[in-house]
Protein chains: 2
Amino acid sequence: MQDTKNTILDVAEDFIRRNGLNAVSYKHISDVVGIKKASIHYHFPQKKDLVNALLLRCEQTYGCEYQSIASSALSAPEKLRKIADVFKQGTVAGKVCLMGVLSSDLTSLDESSRLILEKTAEGTVATYAAIFEQGRAEGSMQFHGSDHNAAYSFFSMLIGAQIMARVKGGAEALQAASDAVIDGYLIN
Amino acid sequence: MQDTKNTILDVAEDFIRRNGLNAVSYKHISDVVGIKKASIHYHFPQKKDLVNALLLRCEQTYGCEYQSIASSALSAPEKLRKIADVFKQGTVAGKVCLMGVLSSDLTSLDESSRLILEKTAEGTVATYAAIFEQGRAEGSMQFHGSDHNAAYSFFSMLIGAQIMARVKGGAEALQAASDAVIDGYLIN
DNA sequence: GTCTATATAGAGATAGAC
DNA sequence: GTCTATCTCTATATAGAC
């Protein structure tokens, strides 16, 4: 992929994760990239094309990162802490995860974007669920209900905490909240 | 307060909780209310005035509802389930709680709105924390860390679940996730 | 691939008549 | 308190020159 195209995606992701989809325009992006907004339209004719590219790239990037964590030799609680740390880094930078922001602006999304978002969310919960399954199997964690429900609530907590942390508490609050949750899973 | 002013707030709250602040305009609201957008400006000169009125009204409404739950004779887990049910009702209606949507659009808010939002979030967490404290005191609940951190993570989970539920899982997923979390607190 | 220029639509907001 | 009319700005998007 071209360098400009990647730069556009970088800048767009940063803006959108900070401000939300509807607060970001092609003008904002092009000003930072250093080109004219018409040039953005050359790479991404419509805004939904940009959003879809962002979602797919994010699925790649974070999907890989989560997979890498999930397939490591760590214990399940350690894996959860690594995931929480990814969210914490976002919060430190004043950003919300792309899935979180775009889900908040769900009704503004094109149907195609919604489908990608749904698939990505599904995959993320599945990856988390595998970690909860591991925790139960290796005897390091206990929790009520299914792996899936535990994963869903953990994921929800991180997204909600990322959103609320900017209002009150900051990254420390997110860290404290996720630590409290993970500690609650521990058996020893 | 006048009837029109309240109707404007009702419609605005509905729109904003469904679509996010930046996706809602005075035109959208006035069309549903049945007046012209200039008339909205009479009641709320600037958008921030509308947002602040919404936040204060919501703090009243839900603040009272939470206080009512908190000061009831129920056990702590039962109180948490009642709170989760309030969020579930929002999800059933396709809405996110006002604090959640506005926090997502945080950087678009006026400084005055941010302050109200911060105060409201603080109060909400404090109300929840008192329930966790009760749970520990009455011996119905166990959890790691402080009341505050447990409350913060519970609140975050509900907001995140409300956002994610629209993408995947719906109200049943929110219900299942919050049940799993609350069940994890139970001692018996 | 990037530019200038433009079309079109919608936003927030104000002035002044009724 | 609501209206019409208007201002100004910005949004998405396209056409066509370079």
- Task: Using only side-chain N and O atoms of A/Q46, determine if any of them is under 4.0 Å from OP1 or OP2 of D/dA13.
- Result: yes
- In numerical order, the residues of residues 23-40 of chain A whose heavy atoms come under 4.0 Å of DNA chain C are A/I35, A/K36, A/A38, A/S39
- Whole-Å distance separating the CZ atom of A/F44 from the P atom of C/dG1: 12 Å
- Message: OP1 or OP2 of C/dT2 versus the side-chain N and O atoms of A/T4: is any pair under 4.0 Å?
- Response: yes
- Axis bend over the full length of the helix from C/dG1-D/dC18 to C/dC18-D/dG1, computed from five pairs that close each end, to 10 degrees: 0°
- Item | Donor-acceptor under 3.5 Å (A/N52 side chain, A/D49 main chain) | no
Anything under 3.5 Å between a donor and an acceptor, one on a side chain of residues 83-92 of chain B, the other on a protein residue two or more places apart or in another chain? List them.
| residue | atom | partner | partner atom | Å |
| --- | --- | --- | --- | --- |
| B/K88 | NZ | B/Q175 | OE1 | 2.7 |
| B/T91 | OG1 | B/F87 | O | 3.3 |

- To the nearest Å, give me how far apart NZ (B/K5) and C1' (D/dT2) are. 15 Å
- Message: Strictly below 4.0 Å: does B/Y42 bring a side-chain N or O up to OP1 or OP2 of D/dG1?
- Response: yes
- Between the main-chain N or O of A/L21 and the side-chain N or O of A/D105, is there a donor-acceptor pair closer than 3.5 Å? yes
- Message: Taking side-chain hydrogen bond (donor to acceptor under 3.5 Å, both in side chains) as the cut-off, I'd like each qualifying pair that reaches into residues 151-166 of chain A, sequence neighbours left out, listed once.
- Response: none
- Query: Restricting to pairs with a member in residues 68-77 of chain A, which pass side-chain hydrogen bond (donor to acceptor under 3.5 Å, both in side chains), not counting sequence neighbours?
  - Reply: A/S75-A/E78
- Message: Measure CG/B/N22 against P/D/dT10 and give the value in whole Å, please.
- Response: 15 Å
- A/D3 and A/T7, any side-chain heavy atoms less than 4.5 Å apart: yes
- Query: Counting heavy atoms not belonging to A/E111, are there more than 12 under 6.0 Å from its CD?
  - Reply: yes
- Message: Once side-chain hydrogen bond (donor to acceptor under 3.5 Å, both in side chains) is applied, what residue pairs with a partner in residues 17-29 of chain A remain, sequence neighbours excluded?
- Response: A/E13-A/R17, A/D14-A/R18, A/R17-A/Y62, A/N19-B/T107, A/N22-A/S108, A/S25-A/H28, A/K27-A/D31
- Indicate whether OP1 or OP2 belonging to C/dT2 is found under 4.0 Å from a side-chain N or O atom of A/H43. yes
- Whole-Å distance between C/dA11 P and B/L21 CG? 13 Å
- Message: Check A/R81 with A/D179, please: is the shortest side-chain N to carboxylate O separation under 4.0 Å?
- Response: yes
- Note on the structure: A/H41 NE2 to C/dC3 P, in whole Å, measures 13 Å
